[in-house]
Amino acid sequence: MLKIATWNVNSIRKRINQLCSFIVDSQIDIVLLQEIKCTEEQFPYAEIEKLGYEYAVYGQVARNGVCVLSKYPILEKLKIDIVESHQEARYIECVIKHSNNKVRVGSVYVPNGQSPDSHTFEYKLKFFDNLYERMGTLLKNEELTIIAGDYNVALDEIDVFDSNLLNGQVCFHIKEREKLRAILNLGFKDAFRISHLNLQQFTWWHYQGNSLRNNQGMRIDHMLLSPQAADKLETCYIDDRLRKLENPSDHTPVVCVIKQ
DNA sequence: ATGTCGCACGGGGTGCGA
């Protein structure tokens, strides 16, 4: 059994204690983090090593930043700029050895896009086009592959608290929903949705106002599985306990369990 | 209520991104 989690941690330095407790208490084998918001020099290696985990880090100053933490040996580490003209730390991929098998994992932080009429929204769509190419290439390997992270898009109406209100807005615009759908049509599976066909649950709630109390959130963090990984999916769940802690990230983790 | 966070810069509050 392999337990894998993804979490937009919104600063790993601010959340290091929550992160370590989560890994230990939930017995997570592999963690994919986004928005670690630090350079590789600033990364809290000591705390991670104390847990006995290996790491692969792609950091930058103040913003973005992704990493992989693993209880099992990391055989390959790949930092990729999905859109080469934007050198931002948004994607890291690792091959991890687990018993006699290998699993390929990617931690992805898709650009937010600000608003649908902004230049950064165009960047977001371009990022999705290039991610589509990368993930299509990965499928050809027919490996156990999981690309998870903050995709900054809710797929369907069930994935947002008010689809009429949010339709056309960033993170629920039809142009970006189509891009995520295209990745699924390549053959990747939405682990949470194949585990819970009709369950409305969110991974992100705004810090402002009463978003959390009123459960006004969105499911924008996803674990996308290759067919080989989906075949072995035991379950996938959203752990909303971390969003309810003091000084939380605005996102909460998604976890999947893979049979081996 | 431009309402909440985290970070850089710089040494106090402001601006940016989300």
Side-chain angles (χ1 to χ4, degrees), chain A residues 6-20 22 31-45 47 57-67 81-83 85-92 107-128 131 148-155 159-162 165-173 175-177 179-180 202-222 238 240-254:
Chain A
T6 182
W7 188 25
N8 179 323
V9 70
N10 190 16
S11 172
I12 193 170
R13 290 176 291 174
K14 272 275 193 292
R15 232 70 66 190
I16 186 64
N17 292 338
Q18 289 182 18
L19 173 64
C20 291
F22 170 63
V31 189
L32 312 174
L33 299 174
Q34 303 84 38
E35 284 206 270
I36 62 172
K37 288 188 173 175
C38 66
T39 63
E40 285 156 42
E41 290 73 27
Q42 296 168 322
F43 190 86
Y45 296 103
E47 287 86 346
V57 183
Y58 187 10
Q60 70 174 79
V61 176
R63 300 172 43 210
N64 309 319
V66 287
C67 73
D81 293 327
I82 295 292
V83 178
S85 55
H86 291 66
Q87 293 202 353
E88 298 182 318
R90 294 183 176 274
Y91 186 93
I92 191 165
S107 177
V108 63
Y109 177 46
V110 173
N112 172 280
Q114 291 179 353
S115 72
D117 56 359
S118 68
H119 283 105
T120 53
F121 192 78
E122 295 303 314
Y123 168 40
K124 182 178 196 174
L125 298 179
K126 177 66 177 167
F127 190 98
F128 266 116
L131 186 62
D150 179 359
Y151 283 78
N152 259 318
V153 176
L155 187 63
D159 298 313
V160 296
F161 73 95
D162 186 336
L165 178 72
L166 296 175
N167 188 27
Q169 295 190 34
V170 73
C171 299
F172 197 58
H173 193 286
K175 284 185 183 174
E176 41 188 322
R177 291 166 62 195
K179 299 292 186 189
L180 182 57
F202 307 132
T203 64
W204 174 87
W205 297 260
H206 208 290
Y207 281 125
Q208 285 177 216
N210 295 315
S211 302
L212 181 64
R213 192 183 311 173
N214 298 334
N215 195 28
Q216 296 176 328
M218 298 195 270
R219 190 173 71 92
I220 56 176
D221 300 85
H222 308 291
I238 295 168
D240 63 3
R241 292 174 301 173
L242 280 83
R243 184 64 179 82
K244 295 170 179 169
L245 298 174
E246 289 290 311
N247 303 311
S249 167
D250 46 353
H251 296 251
T252 211
V254 187

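Residue numbering restarts at 1 for every chain, and letters A, B, ... go by the order of the sequence lines. In this text the structure is predicted, and so the values were computed from the model without any measurement.
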R241(A) atom CZ, neighbour heavy-atom count above 12 within 6.0 Å: no
Quick check: closest heavy atoms across F121(A) and S115(A), and the distance to 0.1 Å? CB-O, 3.3 Å
Integer angstrom distance from the P of dG3(B) to that of dT14(B): 13 Å
Across all chains, not counting sequence neighbours, the side chain to side chain contact (heavy atoms under 4.5 Å, CB included) partners of E35(A) are N8(A), K37(A), Y109(A)
Closest contact, heavy atoms only, T252(A) versus F202(A): CG2-O, 4.3 Å
Could you tell me how far dG17(B) sits from dG12(B) if I compare only their P atoms? Round to whole Å. 26 Å
Give me the atom names and distance for the closest heavy-atom approach of N112(A) to C171(A). ND2-SG, 4.2 Å
On DNA chain B, nearest-nucleotide positions of Y207(A) versus P111(A): which is more 5'? Y207(A)
For I238(A) against R219(A), the heavy-atom pair lying closest together: CD1-CD, 4.0 Å
Just checking R90(A): base, sugar-phosphate only, or nothing, at a heavy-atom cut-off of under 4.0 Å? sugar-phosphate
Reading DNA chain B 5' to 3', which nucleotide is the first, and which the last, to come under 4.0 Å of any heavy atom in chain A? dG3(B) to dA18(B)
Return the 5'-most residue of the pair N64(A), N10(A) with respect to DNA chain B, ranking by each residue's nearest nucleotide. N10(A)
So which atom in H222(A) and which in V153(A) form the shortest heavy-atom distance, rounded to 0.1 Å? NE2-O, 2.8 Å
For the P atoms, the ones on dG10(B) and on dC5(B), what distance do you get once it is rounded to whole angstrom? 26 Å
For residues 37-44 of chain A, which residues have at least one heavy atom under 4.0 Å from DNA chain B? K37(A), Q42(A)
Provide the closest heavy-atom pair for G168(A) versus P116(A) in the form atom of the first, atom of the second, distance. O-CG, 3.3 Å
Provide the distance between the two P atoms, one in dA1(B) and one in dC16(B), to the nearest whole Å. 23 Å
